[in-house]
Amino acid sequence: MRTSPELRRKLISVAAVSAALLTAAPASVAVAQEAAPRPAAVPAAQTEAAPGIQAERLIVGYKSGATEAKSNKAAAADAESKAEKTGEDIDFQRRLGTGAALVELGTHPTRASVADVVAQYKADPQVAYVVPDRLNKPTAVTPNDPEYSKQWDLFESTAGMNVPGAWDTTTGSGVTVAVIDTGYVTHSDLAANIVGGYDFISDTAVSVDGNGRDSNPADPGDWYNDNECGQGIPASTSSWHGTHVAGTIAAATNNGKGVAGIAHGAKISPVRVLGKCGGYDSDIIDAITWASGGTVSGVPANTNVAKVINMSLGGGGACSSATQSAINGAVNRGTSVVVAAGNENQNVSNASPANCNNVIAVAATNRAGSRASYSNYGSLVDIAAPGGETRTSTANGILSTLNSGTKTPSSENYDYYQGTSMATPHVAGLAALMKSANSALTPAQIESAMKANARALPGTCSGGCGAGLADAAKTVQAVKGGTSTGTTFSSTTAVAIPDNGAAIESPISVTGRSGNAPSALQVGVDITHTYRGDLVIDLVAPDGSTYRLKSAASDSADNVNTTYTVNASGEAANGTWKLRVQDTAAQDTGTLNGWKLTF
């Protein structure tokens with residue numbers, strides 16, 4: 001086996017620090033079902049209130065030609081007539097907006113008495129339908145998974161990611177997340193959400209499974225001995241890292257066992273690139289390409305194309321052109337790439353692929369909402385999410401699916417990890433929720449909306465933690481329901497952008513709107529400019545408030561042709577909005593071809 005790891009990626013993880021947690025037996029869940037209604041006495045009459053249903057009030061819909069359909073007095077008289085025939089208390093209460101009548105059946109009617117009243121209404125040729133006035137309750141967002149109470153990262157008000165508030169809108173259904181990692185070790189709390197993946201490890205010294213690339217992404221373990229991965233590197237047991245990451249994203253939820261996943265309606269495609277001592281760039285590049293629907297020679301076409309990629313991995317140095325090309329390809333195919341910032345307590349500019357363009361780089365916060373002591377930081381961090389910090393308590397880590405085997409797979413369990421590896425799947429899970437809630441969202445819009453709807457860190461972050469702490473409920477609420485059906489205001493007047501000069505502005509006058517701008521205002525930008533990294537782009541609201549759309553960065557690609565999402569809910573909609581663009585470095589000029597606002 002090779003012992004020189006210089007070209008290999010180091011796995012971003014921290015060894016498990018607590019004993020396995022016991023799972024509870026699945027709890028039974030009773031589901032009430034309506035009994036099938038009996039045939040109506042009058043063919044035209046329909047009912048959902050079959051005999052045996054308990055109800056204290058009924059909604060009675062009269063045919064359009066019936067006097068009772070328009071006259072409250074007639075509906076009340078009809079209720080009195082039905083009361084005389086059944087011997088039950090029946091009182092007309094009010095007219096609903098649909099024209100139906102609401103009638104009350106008295107105090108605690110029996111199932112038999114309800115059936116008698118329903119039968120009387122059904123027998124009336126003037127009645128179109130009669131249904132119970134059912135009592136609705138808030139949708140349950142607290143899972144019955146027994147370890148959920150330990151997942152502070154999802155729900156705690158201080159530094160949790162406010163995930164339960166998003167579940168009323170979406171759970172991630174219809175979205176596949178590729179976890180490019182160590183593969184997957186079988187776990188019953190995750191199995192229902194696993195779809196086909198691939199093993200991209202080509203070097204048998206790294207793969208451990210005895211072969212090269214194949215369609216089996218099973219994790220055989222990534223343990224190694226002292227000095228096996230480089231002089232002075234101590235031995236390590238198997239991490240089952242990919243399974244822990246996958247559980248945070250999409251562990252089965254409300255199944256009465258284990259933990260809850262952030263996007264538990266989504267599917268996980270395990271893509272194996274990390275083995276003993278790490279994984280090569282070349283394998284990771286092919287994995288990114290394949291996972292996002294691209295073609296890789298010698299590998300079958302992907303039938304589970306991912307709209308979100310999670311990469312809780314990294315190494316030192318600049319982002320290579322080869323890796324950047326793969327990421328650009330994935331994003332151009334519509335896949336968001338979420339990457340761990342790294343665990344070296346240094347500027348993320350020294351950590352690849354987190355320092356690549358077109359990724360969502362994620363820093364880690366602790367239970368108090370401060371930057372975790374190990375987390376990388378800096379201007380290239382896009383957003384922060386819970387990664388845990390176990391120095392004072394194991395329970396302050398991130399609990400997820402795991403395996404008890406120290407070398408090869410053994411029994412499934414759960415354990416706490418800490419790291420930016422753990423923060424990243426929180427954001428990947430949020431991206432899946434967003435894509436499920438609004439399938440039209442582009443990767444740029446997903447990133448922009450996350451940032452616009454993040455909340456300020458409740459703690460501190462020296463060095464920079466991006467836009468703040470990701471907020472699932474607020475972000476999903478902002479993007480749900482589509483982005484292309486609103487009213488669009490645009491400017492097609494071209495404006496030259498001088499080289500390394502003063503900022504230019506292009507105005508759009510918005511009229512005819514009421515109230516404030518939306519929390520997901522779409523800002524479409526079309527700029528021709530070589531080396532777009534020189535550009536700084538701001539949206540200026542009518543009152544002069546500015547919203548940074550793009551900062552200057554090391555980005556050698558040409559042009560800006562994308563749509564940004566801005567939380568402008570604090571701004572009046574009507575007025576003159578401006579797009580401000582400035583070239584901040586020498587040697588390149590460009591043109592703002594046009595831009596638009598979609599409300």
Next item on the list: Begin with the C-alpha distance, continue with both residues' side-chain angles, and end with the deciding distance and a verdict on side chain to side chain donor-acceptor pair (under 3.5 Å) for N396 and N366.
Entry: CA-CA 7 Å; N396 291 336; N366 59 27; over 6 Å; no

Next item on the list: Apply side chain to side chain donor-acceptor pair (under 3.5 Å) to N567 and Y547, showing your working.
Entry: CA-CA 9 Å; N567 182 0; Y547 296 83; over 6 Å; no

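The minimum heavy-atom distance linking A263 with A250 is given by the pair O-CB, 3.6 Å. Here the closest non-hydrogen pair linking W167 and G261 is CZ2-O, 3.5 Å. Shown here for A517 and A568, the closest heavy-atom pair between the two residues is CB-O, 3.3 Å. When all heavy atoms of A79 and I90 are compared, the pair lying nearest together is O-CB, 3.7 Å. The two residues I309 and A291 have their closest heavy-atom pair at CD1-CB, 4.1 Å. Nearest heavy atoms, G369 versus P458: CA-CG, 3.5 Å.
Residues T170 and S436 have side chains that bring a donor and an acceptor to within less than 3.5 angstrom of each other. Checking T176 against S269 by side-chain atom types alone, no donor-acceptor pair falls below 3.5 Å. A donor and an acceptor atom, one from each side chain of S312 and H241, are nowhere located under 3.5 Å apart. For S336 and K307, the side-chain atoms include no donor-acceptor pair closer than 3.5 Å. With no hydrogens or angles considered, no side-chain donor-acceptor pair links N453 and D471 at under 3.5 Å. E412 and S188 share a side-chain donor-acceptor pair at under 3.5 Å.
A donor-acceptor pair is defined here as one N or O able to donate and one able to accept, closer than 3.5 Å; such a pair exists between the side chain of T365 and the backbone of A385. For N403 (side chain) and V185 (main-chain N/O), no donor-acceptor pair under 3.5 Å exists by modelled atom type.
Expressed to the nearest 0.5 Å, how far NZ of K63 lies from CD of E68 amounts to 12.0 Å. Taking CG from L469 and CG from N162, the interatomic distance works out to 9.5 Å, rounded to the nearest 0.5 Å. Interatomic distance, CG of D89 versus CD of E56, reported as 12.0 Å (0.5 Å rounding). Rounding to the nearest 0.5 Å places CG of D91 at 14.0 Å from NZ of K82. Atom OG1 in T86 sits 9.0 Å away from atom OH in Y121 (nearest 0.5 Å). Separating the CD atom in E104 from the CD atom in Q93 is a distance of 4.5 Å, to the nearest 0.5 Å.
The pair R367-E389 fails the salt-bridge criterion, with no side-chain N (NZ, NE, NH1 or NH2) lying under 4.0 Å from an Asp/Glu carboxylate O. Remark: D382 engages K451 in a salt bridge, criterion side-chain N to carboxylate O under 4.0 Å.
Taking the six-membered ring for Trp and the full ring otherwise, the centers of F489 and F599 sit less than 6.0 Å from each other. Taking the ring centroids of H187 and W240, they lie at or beyond the 6.0 Å cut-off.
Contact check for T401 versus H244: no side-chain heavy atoms found under the 4.5 Å cut-off. No side-chain heavy atom of I508 sits less than 4.5 Å from a side-chain heavy atom of T576. Counting only heavy atoms from C-beta outward, the side chains of N310 and I249 approach each other to under 4.5 Å. At a threshold of 4.5 Å between non-hydrogen side-chain atoms, the residues E147 and D145 do not count as touching.
W152 pairs in a side chain to side chain contact (heavy atoms under 4.5 Å, CB included) with only one of the listed residues (I398, L399, T158), which is I398.
Heavy atoms of other residues, nucleotides or ligands lying less than 6.0 angstrom from CZ of R57 number 12 at most.
Note on ring orientation: taking the six-membered ring where Trp is involved, the planes of F155 and Y148 are tilted (angle from 30° to 60°).
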